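Right, one structure below, let's go through it.
Since the structure is predicted, the reported quantities are computational estimates derived from the model, not experimental observations.
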Amino acid sequence: MIGMEKLSNAFYQQPTLELAKQLLGCKLVKETPEGTAAGYIVETEAYMGPMDQAAHSYQNKRTKRTEVMFGPAGITYTYVMHTHCLVNVVSGLEGVPEAILIRAVEPVEGLELMAERRKGRKQRDWTNGPGKLTKAMGITQQDYGHPLDRSPLYIEYGYTPDGISEGKRIGIDNSGEARDYPWRFWVTGNRYVSR
DNA sequence: GAGCCGATGGAA
DNA sequence: TCCATCGGCTCG
């Protein structure tokens, strides 16, 4: 049955810019003891490794934090900035440190749970940003390096977007020319896209 | 929408 | 020390 099947690891074996678009409309799922939360991915950003000044792995910078980016595709790269956890999908061939940031999802399952985790906010503000969606879904640093084809954190097929828009990435003003690369993708017109 | 600033952990 | 793939608040 469509929508109930985890994307296999083979899905992640495609060029990063292509995968960033293919992930739009897919369903991100996180299972926790409190329950399951899921949302359709509606906004992504590609980070192209060694030649991308905005990427943590620029010039193949390899640290404890970026280590997982050098591994095979289909694994999470989570990291903490300020007080928030952000989640990326590692992509590219092994040894090529590329990743795709998930910037926004549209809530579809576990709405009560997300409301509780995002107490006091309107539904639109539960998941319309990279730090917000991890909070709403219960994604944390514990999920670092987790293979995305299995519980408790995985991606399923969702729907095929009618239209995909692209533009500059957000929050990377200090990245030279890379700040203007059009590597942000979103489902055209979706109300859960950030900003 | 723009502007300010809090609060955390990895990296140098 | 420094600073970030941000969020929340305030003012307008």
Selection from [options] that lies nearest to any side-chain heavy atom of [X]:
X: H84(A); options: dA11(B), dT5(C), dG6(B); value: dG6(B)
X: N174(A); options: dT5(C), dA4(C), dG8(C); value: dA4(C)
X: K61(A); options: dT5(C), dG7(C), dA11(B); value: dA11(B)
X: R118(A); options: dC6(C), dA11(B), dG8(C); value: dG8(C)
X: K132(A); options: dG8(C), dT5(C), dA7(B); value: dG8(C)
X: Y77(A); options: dC6(C), dA11(B), dT5(C); value: dT5(C)

Q: With a 3.5 angstrom cut-off on both distances, give the Watson-Crick or G-U wobble partner of dG7(C), or none if there isn't one.
A: dC5(B)

Q: Please figure out whether R121(A) or V87(A) has its closest DNA chain C nucleotide nearer the 5' end.
A: V87(A)

Q: Assess the side chains of T127(A) and R103(A): does a donor N or O sit below 3.5 Å from an acceptor N or O?
A: no

Q.
For a quick check under 3.5 Å, do T16(A) and E98(A) share a side-chain donor-acceptor pair by atom type?
A. yes

Measure from [atom1] on [X] to [atom2] on [N] and round the result to the nearest Å.
X: D173(A); N: dA2(B); atom1: CG; atom2: P; result: 12 Å
X: K135(A); N: dA7(B); atom1: NZ; atom2: P; result: 15 Å
X: M81(A); N: dG7(C); atom1: CE; atom2: P; result: 9 Å
X: W126(A); N: dC6(C); atom1: CH2; atom2: P; result: 23 Å
X: Y79(A); N: dC6(C); atom1: OH; atom2: C1'; result: 8 Å
X: L23(A); N: dT5(C); atom1: CG; atom2: P; result: 20 Å

Q | Y181(A) six-ring centre to R169(A) NZ/CZ under 6.0 Å and within 45° of normal | A | no

Q.
Is it the case that the ring center of Y79(A) lies less than 6.0 angstrom away from the ring center of H56(A)?
A. yes

